[in-house]
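Working notes, structure below.
Letters A, B, ... mirror the listed sequences (proteins, then strands); counts begin at 1.
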Amino acid sequence: MWDWNYVLDVLPQLLSALKMTVWITLCSFVVSLIVGLLLALAARSRFKPLAYVTKGIIEFIRNTPLLVQVFFLYYSLPLLMGVSIPAFYAGVIGLGLHYSTYLSEVYRSGIEAVPKGQWEAATALNYTKGQTWRIVILPQAIPPIIPVLGNYLIVMFKETPILSAITLVEMMLTAKNVVSQSFRAFEPYTLVGILFLAISYIASLLVQRLEKRMNLLRGK
Amino acid sequence: MPSSWIEFLPTLLKGAEITVIVALLSAVLAIVAAFIAGLGRLSKLWIVRTVMAVYVEVFRGTSLLVQLFWLYFALPFIGIELPKMAAAVLAIGLNFGAYGSEIVRSAILAVPKGQWEAAVALNMKPWQRMWNIILPQASLRMLPPFGNQLVELIKSTSLVYFITMADLTYQAMVLRNNYISWTTEILVLLLLMYFVMATLVSVGVKLLERKLTAGRL
């Protein structure tokens, strides 16, 4: 029932799709890192309307499924704006935007953990707002949250199969295509599971090691 | 051609019913699995600990959609054919059970050591200690993270669309196929319906939390 010849046949296709999957994950992660920081800053803005609107957007994106958001980006935006978005960009933007709302919470916790004296010191040094963030706050807020960001990178990697719904050819859709030709579903889907498990397990070990090392650096 | 978006509502509500059923059943399974695995990982027997650790790692390490596909499309090849509903509930329930087990485990470990010692001093049997002393305190701590997981679970029920189960997302996509020019209205309606469901759940959990923890934590 487990056909090794079939496995050897399928594996190269899955591995090349794995490369695509990793690439999609990394691009979305960059999007969510940048947008997440912007959301975190906007949610803290002293200009109250901006803060409320940002919090509302975060709540809405967090409380609706990624799958539907991706459908919206892929099917609805072209009708609204008259430009069609390739599946790759719709997927990367969708996944990145969805997790940017999670990362904004992570940034927030990092920013709030910076002692109040640091803000006061920056004021005493007559730093502008931009200088305070760039030179004083963010360099202290971000390093402690790097392991948490790493965990979200793994979570996003595991969410990529959802993007197969908009015909983005990652591992899941590759397996599906193989199955539709051979009518044998057991090996391809099992292999996809094993590949996900192996990579996310190794990645989580790396994140754990990183966390330990960073705790050591900070003298904990 | 529909004259207004109101005409989509009956079909979408029919799908929402399936979504709610899937969410409820998988939430029950997830909580049961979370407690079994969470307690199992604290067991004195290494074999129980190992089995539970493997379950948690496998279900957390592969993605939910892969698990759903595996249960629904791959299992028939070794002679196990599951109905759609069973595959959906098993995949979502076991997946969230694996994440939930960490919540159960850490909440139990967070109960102060004095409580364990007091139970021993009162000559309680291990199950009495767990049932009467530890779990009542631990479950209060579990409530907020379980609430967050429940919202994630509701969102994840949209994945049953992939195995062509007639849930909210599936119904919406069928409508979209029939009325392409109404795509935006249908998808916005779909987003709003999920948002309402998720918000109701998170508000409900917060109210419950406030009621149960009043004067305790």
- Query: Yes or no on side-chain contact (heavy atoms from CB on, under 4.5 Å) for B:Leu25 and B:Ile92, after CA distance, side-chain angles and deciding distance?
  - Reply: CA-CA 9 Å; B:Leu25 292 178; B:Ile92 300 174; over 6 Å; no
- Message: Applying side-chain contact (heavy atoms from CB on, under 4.5 Å) to A:Tyr107 and A:Leu33, what does each step give before you reach the verdict?
- Response: CA-CA 9 Å; A:Tyr107 280 119; A:Leu33 280 178; 3.5 Å; yes
- Kindly determine whether B:Phe96 and B:Leu150 satisfy side-chain contact (heavy atoms from CB on, under 4.5 Å), including the steps that lead there. CA-CA 9 Å; B:Phe96 279 87; B:Leu150 196 54; over 6 Å; no
- Message: Quick one, B:Ile36 with B:Val32, criterion side-chain contact (heavy atoms from CB on, under 4.5 Å). Give me CA distance, side-chain angles, the key distance, then yes/no.
- Response: CA-CA 6 Å; B:Ile36 293 176; B:Val32 172; 3.8 Å; yes
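For the atom pair A:Leu73 CG and A:Ile166 CD1, the distance stands at 7.5 Å (nearest 0.5 Å). Residue B:Ile186 holds its CD1 atom at 12.5 Å from CZ of A:Phe71, rounded to the nearest 0.5 Å. With values rounded to the nearest 0.5 angstrom, B:Met173 atom CE is found 7.5 Å from A:Leu67 atom CG. For the atom pair B:Leu12 CG and B:Leu175 CG, the distance stands at 5.5 Å (nearest 0.5 Å).
Interface residue B:Phe162: only side-chain heavy atoms are found under 4.5 Å from chain A. In this structure, the portions of B:Val58 lying under 4.5 Å from any heavy atom of chain A include both its backbone and its side chain. Only the side chain of A:Leu79 comes within contact range of chain B, with at least one heavy atom under 4.5 Å from a heavy atom of that chain.
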Chain A/chain B interface donor-acceptor pairs under 3.5 Å:
residue  : atom : partner  : partner atom : Å
A:Arg62  : O    : B:Lys155 : NZ           : 2.7
A:Ser76  : OG   : B:Thr184 : OG1          : 2.6
A:His98  : NE2  : B:Lys155 : NZ           : 3.4
A:Tyr102 : OH   : B:Glu152 : OE1          : 3.3
A:Tyr102 : OH   : B:Glu152 : OE2          : 2.4
A:Tyr102 : OH   : B:Lys155 : NZ           : 2.6
A:Lys158 : O    : B:Ser63  : OG           : 3.2
A:Lys158 : NZ   : B:Arg60  : O            : 2.3
A:Lys158 : NZ   : B:Tyr99  : OH           : 3.3
A:Thr190 : OG1  : B:Trp70  : NE1          : 2.8
A:Ser200 : OG   : B:Gly61  : O            : 2.6

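With sequence neighbours excluded, the residues satisfying side chain to side chain contact (heavy atoms under 4.5 Å, CB included) with A:Ile34 are A:Val30, A:Leu38. Taking the ring-ring contact (aromatic ring centres under 6.0 Å, His included) definition, one finds that A:Phe60 meets it with B:Phe195, sequence neighbours left out.
Aromatic ring centres of B:Phe73 and A:Phe186: separated by at least 6.0 Å.
Annotation: residues 42-53 of chain A contacts chain B through no residue [non-hydrogen atoms, separation under 4.5 Å].
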